[in-house]
Amino acid sequence: MSTSKPLPSLLLVGAGKMGMAMFEGWLADGLAPSVAVRPSPLDLPAPHRHLASLAELGGFRPQVVVIAVKPQKAAQVLPELAPIVQSSGALVISVMAGIDTASLDRALGGGVSCIRAMPNTPAAIGRGVSLAYAPLGLGDDVRRGPRALATRLLAACGDVVWLEEEAQMDPATAISGCGPAYVFLLAELLEAAAVAHGLPAPIARQLARRTISGSGGLLDLRSTDAAELRRAVTSPNGVTERALAVLMQPRAWPAAIDAAIDAAARRSAELADELSRALAAPSPRRVTRDE
Ligand SMILES: NC(=O)c1ccc[n+]([C@@H]2O[C@H](COP(=O)([O-])OP(=O)(O)OC[C@H]3O[C@@H](n4cnc5c(N)ncnc54)[C@H](OP(=O)(O)O)[C@@H]3O)[C@@H](O)[C@H]2O)c1
């Protein structure tokens, strides 16, 4: 248990995989009485509460609202959240892929302090990396104010990287937000190839997983460039060199990775447009702080 000041009261909207990975980190850090919302059941230690919907919130006024529903749910959830955010003046941190801060602010009634963040699933073991972006109005000092609070909350997931421009969120999401899926796909493919080449399934599984986690550990613990670590495995005219000659053909991995990142970044950018269209009619009502 941390000895630092407890985290402020939070409202987590969307207590799924990512939301709960963060919530568990905050619990360990010490958290003022907070609420997590999701339709399905959830056990939380007192004094924290689970609610099935925002309609049950009553008089609870959080200091921070963390939005971790799927982006496709944003058009439903944000109008319900608007009066809560407006009346509490809470800082809003959204981890929804693609939804930009201007769209968030608009959907929440305007004049809201919004931070956009993008953690990744190694957050579940505190070894993730979160991208974060705050519009200029929230100041540029990461040591105090909203940015410092967001850094502390996101630190439950691992490293926090602040981006200067919101446009950088889309390509950065394609690397670190989506990235674990690329690595897990590699594990699947290595395991399948091992089985196809006659290795027993449990050995194939162990070799694929341990090779990836061990290589990740090397990247984590050594400051050596990835290219140098790769060269250290690659003897001239050796076994690895033959494999890399296949993978590194321009039309193989270099082209595939480039096309994948491009597709993911474009999809991230599209999600904000989809939210704008979903909210277009009727346009969200502007809510005053007294409501
Ligand atoms: N997973 C990742 O790697 C990752 C990485 C970075 C960012 N994100 C972002 O994190 C967000 C959540 O992703 P996830 O993977 O955690 O998805 P998830 O596991 O499906 O979590 C979404 C949660 O939202 C809940 N929910 C649905 N409708 C709701 C409503 N009206 N009010 C409150 N809660 C509601 C769902 O409840 P039920 O369980 O009851 O259906 C579920 O618990 C997404 O926006 C995604 O872009 C995810």
Side-chain angles (χ1 to χ4, degrees), residues 8-23 34-40 42 49-119 130-138 146 149-150 153-154 166-167 169-170 173 177 267-291:
S9 59
L10 292 156
L11 170 62
L12 171 66
V13 187
K17 289 184 288 296
M18 188 45 71
M20 285 314 291
M22 293 189 287
F23 203 88
S34 293
V35 171
V37 182
R38 77 175 193 199
S40 55
L42 174 67
R49 290 184 295 147
H50 162 243
L51 300 176
S53 80
L54 283 169
E56 298 166 27
L57 200 59
F60 179 69
R61 289 292 168 264
Q63 289 167 275
V64 182
V65 173
V66 178
I67 308 174
V69 292
K70 293 279 189 197
Q72 292 77 5
K73 289 273 175 187
Q76 177 201 330
V77 167
L78 295 178
E80 285 174 47
L81 256 180
I84 298 158
V85 170
Q86 293 286 341
S87 62
S88 62
L91 171 68
V92 172
I93 301 176
S94 163
V95 302
M96 291 184 292
I99 311 287
D100 63 281
T101 50
S103 304
L104 267 177
D105 179 59
R106 222 173 15 251
L108 290 170
V112 175
S113 298
C114 287
I115 286 177
R116 180 174 164 192
M118 176 52 52
S130 294
L131 308 163
Y133 170 79
L136 279 180
L138 288 188
L149 179 54
L153 287 167
L154 294 169
E166 190 157 12
M169 282 298 271
D170 295 323
T173 295
R267 180 63 187 138
S268 174
E270 277 168 17
L271 285 167
D273 296 340
E274 285 178 14
L275 174 65
S276 302
R277 279 199 297 278
L279 289 168
S283 59
R285 184 173 64 106
R286 197 186 160 84
V287 187
T288 65
R289 284 198 189 272
D290 302 327
E291 271 183 273

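Counting begins at 1 with the first residue of the sequence.
- To the nearest 0.5 Å, atoms CG (Leu154) and CE (Met118) are separated by 11.0 Å.
- Between Ala36 and Ala15, the shortest heavy-atom contact is CB-CB, 4.1 Å.
- A donor-acceptor pair under 3.5 Å links the side-chain atoms of Glu166 to the main chain of Thr101, judged by distance alone.
- When atom types are taken as modelled, the side chain of Asp105 and the backbone of Ser113 share no donor-acceptor pair closer than 3.5 angstrom.
- The closest donor-acceptor contact from the side chain of Thr173 to the backbone of Met169 lies under 3.5 Å.
- The two atoms that bring Leu271 and Gly98 nearest to each other are CB-CA, 4.0 Å, heavy atoms only.
- In this structure Arg267 satisfies the side chain to side chain donor-acceptor pair (under 3.5 Å) test together with Glu270, Glu274, sequence neighbours excluded.
- Taking the side chain as every heavy atom from C-beta outward, Ile67 and Leu78 approach each other to under 4.5 Å.
- For the side-chain contact (heavy atoms from CB on, under 4.5 Å) with Leu81, the lone residue among Leu11, Val37, Val92 that qualifies is Leu11.
- Looking at every heavy atom in both residues, Ile115 comes nearest to Ala150 through CD1-CB, 3.7 Å.
- Counting heavy atoms from C-beta on, the side chains of Val112 and Gln86 come closer than 4.5 Å.
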Pair Asp170-Arg116, salt bridge (Lys or Arg N to Asp or Glu O under 4.0 Å): steps then yes or no: CA-CA 12 Å; Asp170 295 323; Arg116 180 174 164 192; 3.5 Å; yes
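- Atom CG of residue Asp100 and atom OH of residue Tyr133 lie 9.5 Å apart, to the nearest 0.5 angstrom.
- Smallest separation of non-hydrogen atoms from Ser88 and Ile84: OG-O, 2.7 Å.
- The backbone N or O of Leu91 lies less than 3.5 Å from no partner atom in the side chain of Gln63, so there is not a single donor-acceptor pair.
- For the pair Leu104 and Met96, the minimum side-chain heavy-atom distance is below 4.5 Å.
- Of all heavy-atom pairs between Cys114 and Pro135, the closest is O-CD, 3.0 Å.
- Distance check, rounded to the nearest 0.5 Å: CG of Leu54 to CD of Gln76 gives 9.5 Å.
- Within the 3.5 Å criterion, the main-chain N or O of Pro62 finds no donor-acceptor partner in the side chain of Ser9.
- Residues Leu57 and Arg49 share a closest heavy-atom pair of O-NH2, 4.2 Å.
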